[in-house]
Protein chains: 2
Amino acid sequence: MKSVHLAFEVLEAVAFEPGEIGVSELANKLRTTKGTVFRHLQTLVDRGYLIQNASTQRYRVGARAYLIGRAAAERVDIIAGSQDAMRSLRDETGETVVISSLSNRGNIVMNTLIGKSSLEIGVRVGSVLEPHATAQGKAVLAFDTQGLAKQLRRRGLAGLTPHTVTDIDELERQLEAVRAQGYATAAEEMLLGISALAAPVMDDSGKTVGSIAIVGSIQNIGRQPTPEQIEAVLRAAQRVSWNLGYVGHLPFEPRGGRAPARKAMG
Amino acid sequence: MKSVHLAFEVLEAVAFEPGEIGVSELANKLRTTKGTVFRHLQTLVDRGYLIQNASTQRYRVGARAYLIGRAAAERVDIIAGSQDAMRSLRDETGETVVISSLSNRGNIVMNTLIGKSSLEIGVRVGSVLEPHATAQGKAVLAFDTQGLAKQLRRRGLAGLTPHTVTDIDELERQLEAVRAQGYATAAEEMLLGISALAAPVMDDSGKTVGSIAIVGSIQNIGRQPTPEQIEAVLRAAQRVSWNLGYVGHLPFEPRGGRAPARKAMG
DNA sequence: ATTTTTTGTATCATAATTCGGAACATGGTT
DNA sequence: AACCATGTTCCGAATTATGATACAAAAAAT
């Protein structure tokens with residue numbers, strides 16, 4: 001479905017462009033001809049997904065794109081089902097809360113709630129979370145059943161900071177620990193000074209569909225997070241999963257039963 | 001651009017469907033064949049705009065549609081520029097606030113903020129506002145320069161309640177009043193018991209691009225709204241218009257404020 | 001001012017693409 | 001077991017999108 005794919009390429013290129021963009025610029029960004037891009041822009045304007053600035057003749061995203069996004073927000077389960085849990089988690093921990101969703105395009109940041117610290121730490125919605133260098137990535141990898149971890153062996157692990165796990169066997173060991181604990185951490189593995197704590201979110205079929213995480217300064221979320229932080233994240237993940245129809249408990253037991261791993265480490 | 005149009009028809013049909021929908025149902029809703037619809041569904045799933053429920057094999061809107069919408073929310077001026085004014089207006093009046101945007105598909109509800117009354121009155125985002133039977137419609141008609149009012153002559157005015165204005169000349173007289181006052185009202189003209197008060201929103205070129213309105217019970221927003229309500233709506237409209245780059249004042253003078261220095265947004 | 005470059009838009013023949021019908025597979029219902 | 005409705009696959013026909021070329025107008029450069 002070539003033309004449809006191209007139409008969406010055009011839509012996305014314009015939508016994610018800050019400001020406006022013209023036909024020519026788009027054409028060689030998408031490696032096509034001006035004529036083709038022009039035609040696509042026209043139909044998208046027709047449909048209200050884009051609008052053309054009458055004076056500059058350049059294009060920007062339009063109202064209809066916003067409307068289908070709103071419709072989606074009500075129906076994409078992990079968005080609708082995480083609203084309350086996000087707020088609770090933010091209030092309990094004070095940290096920035098990040099929801100990510102696993103799609104065929106990777107583990108994508110879907111929603112965020114900025115923490116209370118005076119220095120605001122955020123993550124851009126829509127960005128792709130590195131599987132091996134983020135807490136969210138590891139939380140999802142550990143409980144994934146489609147063999148995502150296998151794919152990493154071929155690709156290799158890029159080192160983003162001195163703390164990034166670049167050895168695949170070391171990563172596997174960490175994933176084993178994540179499975180045992182029910183949560184994943186990543187301290188300064190993506191960006192120096194920033195740390196995260198994440199837990200997986202499951203849907204009604206028990207499949208891992210995303211994660212909920214807190215992200216903050218390494219000063220607030222330590223290499224070994226506090227039991228309170230862990231408990232709060234696990235509880236939030238459980239709540240969201242239940243909202244998605246997940247039955248039973250996540251691999252951990254948030255309350256009673258086996259306490260979260262809290263070994264006295266050297 | 002036939003296939004692209006159809007692709008968006010499919011996307012919209014699925015996105016605005018409450019719950020999930022199947023290939024066959026979609027095919028005769030769009031008057032096409034199953035094969036064609038199926039192919040389109042496939043490419044949309046490919047791109048992440050739709051997802052297929054593995055167990056029911058039916059389709060629903062997906063994460064990417066949400067992301068596009070989020071990107072649009074930041075760049076569609078009237079959405080981004082009305083956030084604060086909406087909240088203020090809601091707090092000042094206690095009523096439900098509605099933002100609408102004028103597009104080639106009509107005057108569309110883009111965003112709402114539910115009022116404080118215990119009986120919640122809302123308007124569905126995405127719905128089309130009747131030009132002649134809503135305060136928002138009249139506010140836009142009165143200040144429109146593209147001859148939207150002319151088009152109504154051909155179409156005629158459908159009576160939705162006993163209070164709907166169905167005479168085109170009477171409507172013209174009302175529009176004249178709207179131009180003089182800067183605001184429009186519609187008491188029980190769309191739905192008995194419900195009343196609204198709206199003011200137009202202008203962009204940097206001075207064109208009317210939408211409206212901001214309060215909607216509520218006829219008990220709270222009377223046939224002749226209070227000066228406080230009128231003042232609040234007018235001030236909100238002025239604020240939003242300024243945020244869109246509109247220079248100078250709307251046709252009224254809210255309270256002797258002056259326009260801020262023109263500043264590019266984004 | 002005048003040329004040069006770059007922009008958005010229009011046209012058109014070719015070729016690749018999408019379409020639609022029919023056939024197949026599968027699961028649920030009668 | 002037969003039936004019905006569903007999602008999916010296949011393939012020839014022809015509609016449809018493509019990209020080269022051309023044009024107008026606005027910037028940029030001379």
#### Entry: 5′-ward residue of the pair B:Ile21/A:Leu6 relative to DNA chain D
B:Ile21
### Task
Give a yes-or-no answer on whether the side chains of A:Asn107 and A:Ser100 include a donor-acceptor pair shorter than 3.5 Å.
yes
### Query
Between D:dT18 and A:Arg39, is there an OP1 or OP2 to side-chain N/O distance shorter than 4.0 Å?
yes
#### Entry: Whole angstrom value for the distance that separates P of C:dG21 from CG of B:Asn28
13 Å
### Summary
Numerically ordered, the residues 49-59 of chain A set in heavy-atom contact under 4.0 Å with DNA chain C is A:Gln52, A:Gln57, A:Tyr59
### Query
How sharply is the helix from C:dA1-D:dT30 to C:dT30-D:dA1 bent, taking the axes over five pairs at either end and rounding to 10 degrees?
40°
### Query
Distance-only, no hydrogens or angles: does the B:Tyr66 side chain make a donor-acceptor pair with backbone N or O of B:Gly69 under 3.5 Å?
no
### Message
Nearest whole Å is fine: how far is D:dT6 C1' from B:Lys29 NZ?
### Response
17 Å
### Query
If you count the non-hydrogen atoms of other residues, nucleotides and ligands that lie under 6.0 Å from CZ in B:Arg87, is the total more than 12?
no
### Task
Would you indicate what B:Glu25 reaches in the nucleic acid, counting non-hydrogen atoms under 4.0 angstrom: base, sugar-phosphate, or nothing?
nothing
### Task
Specify the separation, in whole Å, of atom CD of A:Glu9 and atom P of D:dT18.
12 Å
### Query
Looking only at heavy atoms, which two atoms of A:Ser103 and A:Ile108 are closest? And how far apart?
OG-CG1, 3.9 Å
### Query
Quick check: does any side chain N or O of B:Asp203 sit under 3.5 Å from a backbone N or O of B:Gly206, one acting as donor and the other as acceptor?
yes
### Task
Examine D:dT16: is either OP1 or OP2 under 4.0 Å from a nitrogen or oxygen in the side chain of B:Lys2? Give yes or no.
yes
### Query
NZ of A:Lys34 versus P of D:dT18: gap in Å, rounded?
17 Å
### Query
Taking only side-chain nitrogens and oxygens of B:His40, does any of them come within less than 4.0 Å of OP1 or OP2 of C:dT18?
no
### Query
What is the nucleic acid contact for A:Ser3, judged by heavy atoms within less than 4.0 Å: base, sugar-phosphate only, or nothing?
sugar-phosphate
### Task
Go through the steps for B:Phe8 and A:Phe8 under the test ring-ring contact (aromatic ring centres under 6.0 Å, His included), then give the verdict.
CA-CA 10 Å; B:Phe8 279 99; A:Phe8 278 100; 4.8 Å; yes
### Query
Which distance, rounded to the nearest 0.5 Å, do you find between the CD of B:Gln151 and the CZ of B:Arg154?
6.0 Å
### Message
Mind checking if B:Thr36 touches a base, just sugar-phosphate, or nothing, with heavy atoms under 4.0 Å?
### Response
base
### Query
According to a strict under-4.0 Å criterion, is B:Thr33 in side-chain N/O contact with OP1 or OP2 of C:dG21?
no
### Query
When A:Glu17 is tested against each of A:Arg58, A:Lys29, A:Arg60 for side-chain hydrogen bond (donor to acceptor under 3.5 Å, both in side chains), which residue passes?
A:Lys29
### Message
For a quick check under 3.5 Å, do A:Asn104 and B:Arg47 share a side-chain donor-acceptor pair by atom type?
### Response
no
### Length of the NE2-P vector between A:His5 and C:dA16, whole Å
19 Å
#### Entry: 5'-most by nearest nucleotide on DNA chain C - A:Ser24 or A:Val4
A:Ser24
### Task
Figure out the CZ/P separation between A:Phe38 and D:dA22, and round it to whole Å.
19 Å
### Task
Write down the distance between CD (A:Gln42) and P (C:dT11), rounded to a whole number of angstrom.
11 Å
### Interatomic distance, A:Leu44 CG vs D:dA17 P [rounded to whole Å]
13 Å
### Message
Of the listed nucleotides (C:dC19, D:dG19, D:dT6), which one gets closest to any side-chain atom of A:Met1?
### Response
C:dC19
### Query
Taking the side chain from B:Thr32 and the backbone from B:Leu30, do they hold a donor-acceptor pair closer than 3.5 Å?
yes
